[in-house]
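Beneath this line is the structure, given in structure tokens, with notes to follow.
These numbers come from the heavy atoms of this one structure, side chains and all, not from hydrogens, waters or symmetry mates. Start at 1 and go down the list; that is how both ligands and their atoms are numbered. Small disclaimer: the values here were computed from a predicted structure and weren't measured.
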Amino acid sequence: MKIEAITLRELQIPLVHFFETSFGRTYTRRVLLLTLHCDGLEGWGECVAGEDPFYSEEYIDEAWDVIVCYLGPSLLAKTLETGRGVPPLLARVREHRMAKAALENAAWDAEAQEKSVPLWKLLNGTQREIACGVSIGIQDSHDQLLQKIETELAAGYQRIKLKVKPGWDVEVLEKVRARWPSILLSCDANSAYTLNDTEHLKRFDRFKLLMIEQPLWSDDFFFHARLQRQVQTAICLDEAIRSSRDAEAALELGACRIVNIKVGRIGGFSDAIAVHDVAQRFGVPVWCGGMLESGIGRSHNVALSTLPNFTLPGDVSASKRYWKEDIIEPEVEVSSRGTITLSDKPGRGYNLRHDLIEELTVRKKTLLPAAV
Ligand code: NPQ
Ligand code: MG
């Protein structure tokens with residue numbers, strides 16, 4: 001596959017319902033999509049960076065810039081055998097993992113089409129049906145939250161994850177558990193606590209949560225290991241795991257008992273698979289996180305979730321939970337048993353709605369190889 005051109009697009013898509021975490025509230029997603037044009041094929045990738053550097057340091061305007069100035073030019077006019085050929089070409093640039101992932105995943109997307117195999121099989125996925133959970137943001141009231149949980153349980157989702165922060169935690173969990181004593185329930189703090197909150201976090205133990213996700217600093221696993229020795233609930237790391245080396249260090253330290261895998265945060269499918277493999281070696285389950293993706297990123301998450309050690313329900317939910325209309329056809333749909341079934345179609349398995357993509361696009365730029 002020769003990379004003849006790369007198109008960047010920014011889409012602005014309003015969320016069906018705002019999404020609030022310990023770091024803030026989002027109403028509209030700014031989505032960065034990439035297209036690799038190679039040999040008549042188009043590989044698509046999504047950069048999941050946020051609008052602001054709050055979940056991690058990466059954000060969309062910076063990702064756009066580093067792709068235009070550095071990462072794009074490193075790929076242009078190159079010939080690739082596989083998606084795995086991308087990381088070495090981008091390695092000179094430090095970090096910027098979400099920007100790199102968008103390019104690498106677009107190459108896998110193209111490779112699956114070229115080889116006429118489903119992307120999930122190209123990734124060595126083994127599960128034909130994946131388990132889905134939902135992540136429910138902080139609401140304006142407890143009643144609104146309970147209402148939302150009821151709706152998602154009725155839809156069939158297998159696990160409910162609640163966003164928590166100081167002031168929206170124990171009391172909320174208390175009410176939810178009183179109403180639903182035995183559902184799979186977890187919480188995600190997005191780094192809202194410190195070790196000074198250890199006694200407070202121990203109070204979460206009585207809610208029998210599946211896990212508490214990233215309670216402490218976004219760059220830490222040393223102090224999470226200290227916390228994990230103090231609480232019974234399994235800690236899951238999200239933000240802090242950026243590579244397979246991080247995963248190995250965290251697991252050897254005992255910093256967590258579950259790992260969240262987001263292909264953007266880790267920097268692409270190759271390294272996400274490596275994190276999956278490290279966790280598997282340690283006997284630690286993984287699950288697929290979410291970044292409020294449009295259909296491209298969502299379909300890529302679905303494919304990744306088919307690997308064998310994705311044994312817990314992911315934050316991979318139906319398109320319609322987030323978007324009035326998604327940019328893929330069919331949309332990602334979740335069965336009444338809370339599962340998504342993989343198709344045998346070649347490539348990502350979901351077609352693009354080019355007209356809708358065009359309509360939602362607010363800026364677009366095509367990179368071409370430098371003239372000789
Ligand atoms: C998490 N996602 O697991 C993230 C955090 C998150 C589905 O809980 C804009 C950009 C909004 C990035 C909201 C879920 C975001 C975002 C939440 C990331 O920690
Ligand atoms: Mg998280």
Side-chain angles (χ1 to χ4, degrees), residues 10-32 46-63 97-99 101-102 132-139 145 148-149 152 157 159-165 168 185-193 209-221 224 234-242 250 256 258-266 272 275 286-294 297-298 301-302 304-305 312-319 321-323 332 334:
E10 177 185 339
L11 279 62
Q12 293 194 358
I13 324 182
L15 291 164
V16 166
H17 186 265
F18 67 79
F19 193 73
E20 183 173 330
T21 67
S22 63
F23 57 79
R25 198 177 266 198
T26 304
Y27 290 90
T28 293
R29 199 73 172 90
R30 294 173 60 196
V31 177
L32 170 47
E46 176 167 345
C47 177
V48 300
E51 293 68 41
D52 306 291
F54 300 159
Y55 163 81
S56 76
E57 76 287 354
E58 286 194 84
Y59 63 101
I60 176 173
D61 291 317
E62 169 211 63
R97 295 174 197 268
M98 293 174 184
C132 307
V134 287
S135 173
I136 304 185
I138 294 164
Q139 307 296 317
L145 178 69
K148 277 209 139 25
I149 297 172
E152 304 302 2
Y157 286 100
R159 182 226 64 203
I160 301 289
K161 161 173 138 183
L162 303 180
K163 291 293 188 178
V164 292
K165 65 175 182 181
W168 183 274
L185 182 66
S186 66
C187 72
D188 184 357
N190 289 111
S191 307
Y193 301 94
L209 302 176
L210 180 60
M211 69 188 89
I212 171 167
E213 190 178 336
Q214 198 71 40
L216 307 176
W217 306 278
S218 63
D219 61 354
D220 170 76
F221 27 85
H224 278 90
I235 290 176
C236 168
L237 290 180
D238 172 357
E239 285 90 325
I241 305 292
R242 293 163 167 250
C256 61
I258 296 174
V259 174
N260 165 317
I261 292 185
K262 287 177 182 162
V263 66
R265 188 191 77 230
I266 291 162
V275 171
V286 304
W287 55 280
C288 186
M291 291 291 284
L292 318 191
E293 288 88 350
S294 80
R298 196 164 292 276
N301 286 344
V302 169
L304 183 64
S305 302
L312 295 172
D315 279 347
V316 187
S317 27
S319 299
R321 282 199 71 239
Y322 291 96
W323 318 115
V332 174
V334 172

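For ligand 1, the atoms sitting less than 4.0 Å from at least one non-hydrogen atom of Glu213 are 3 (O), numbered in the order shown with element in parentheses. Using a 4.0 Å cut-off to heavy atoms of Tyr55, the atoms of ligand 1 that qualify are 5 (C), 19 (O). Here is the list of ligand 1 atoms found below 4.0 Å of a heavy atom in Asp188: 1 (C), 3 (O), 19 (O). Counting the atoms of ligand 1 from 1 in the order shown, those under 4.0 Å from a heavy atom of Ser135 are 7 (C), 8 (O), 14 (C). Close contacts of ligand 1 with Gly50, meaning ligand atoms under 4.0 Å from a residue heavy atom, involve 10 (C).
The Mg ion (ligand 2) sits nearest to atom OE2 when only the N, O or S atoms of Glu213 are considered. The Mg ion (ligand 2) sits nearest to atom OD2 when only the N, O or S atoms of Asp188 are considered.
Protein heavy atom nearest atom 18 (C) of ligand 1, with residue, atom name and distance: Met291 SD, 3.6 Å. When hydrogens are left out, the protein atom nearest atom 15 (C) of ligand 1 is Leu292 CD1, 4.0 Å; that is the closest non-hydrogen contact. Protein heavy atom closest to atom 6 (C) of ligand 1, with residue, atom name and distance, is Phe23 CZ, 3.9 Å. Nearest non-hydrogen protein atom to atom 1 (C) of ligand 1 is Lys262 NZ, 2.9 Å. Protein heavy atom closest to atom 2 (N) of ligand 1, with residue, atom name and distance, is Gly290 O, 2.9 Å. The closest protein non-hydrogen atom to atom 17 (C) of ligand 1 is Phe19 CE2, 3.5 Å.
A donor-acceptor pair under 3.5 Å links the side-chain atoms of Arg298 to the main chain of Ser317, judged by distance alone. Between the Arg159 side chain and the Val134 main chain, a donor and an acceptor come within less than 3.5 Å of each other. Although no hydrogens or angles enter the test, the distance criterion places a donor-acceptor pair under 3.5 Å between the side chain of Gln139 and the main chain of Gly137.
Annotation: the span from Glu51 atom CD to Asp61 atom CG amounts to 9.5 Å, rounded to 0.5 Å. Interatomic distance, CZ of Arg97 versus CZ of Arg242, reported as 6.5 Å (0.5 Å rounding). Taken to the nearest 0.5 Å, the OG atom of Ser56 stands 6.0 Å off from the CE atom of Met291. To the nearest 0.5 Å, the span separating CZ on Arg29 from CD on Glu293 amounts to 7.5 Å. One finds the CD1 atom of Ile160 at 9.0 Å from the OG atom of Ser186 (value rounded to the nearest 0.5 Å). Rounding to the nearest 0.5 Å gives a distance of 4.0 Å between CH2 of Trp287 and CG of Asp315.
Results of the side-chain hydrogen bond (donor to acceptor under 3.5 Å, both in side chains) test with Tyr55 over Asp238, Thr26, Asn190 single out Asp238 as the only residue that passes.
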**OP:** Decide salt bridge (charged side-chain N to carboxylate O under 4.0 Å, His left out) for Lys165 and Glu20; before the verdict, give the C-alpha distance in whole Å, the side-chain angles of both, and the deciding distance to 0.1 Å.
**Re:** CA-CA 11 Å; Lys165 65 175 182 181; Glu20 183 173 330; 3.8 Å; yes
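Checked against a 3.5 angstrom limit, the closest N/O atoms of Asn190 and ligand 1 fall inside it. Taking only nitrogen or oxygen atoms, main chain and side chain alike, Glu239 does not reach within less than 3.5 Å of ligand 1. Between Thr26 and ligand 1, a contact under 3.5 Å exists for no N or O pair. Backbone and side-chain nitrogen or oxygen atoms of Lys161 are examined, and one is located within less than 3.5 angstrom of a nitrogen or oxygen of ligand 1.
Assignment of Glu51 to the shell around ligand 1 is supported, since a heavy atom sits closer than 4.0 Å.
At a 4.0 Å heavy-atom cut-off, ligand 1 touches Asp238 through the side chain alone. At a heavy-atom cutoff of 4.0 Å, ligand 1 is contacted by no atom of Gln214, backbone or side chain.
The shortest heavy-atom contact between Ser135 and Arg321 is O-NH2, 3.5 Å.
Checked by atom type, the side-chain pair Ser294/Glu46 shows a donor-acceptor distance below 3.5 Å.
Residue contact annotation: Asp238 places an N/O/S atom under 2.8 Å from the Mg ion (ligand 2). The distance from the Mg ion (ligand 2) to the nearest N/O/S atom of Glu239 is not under 2.8 Å.
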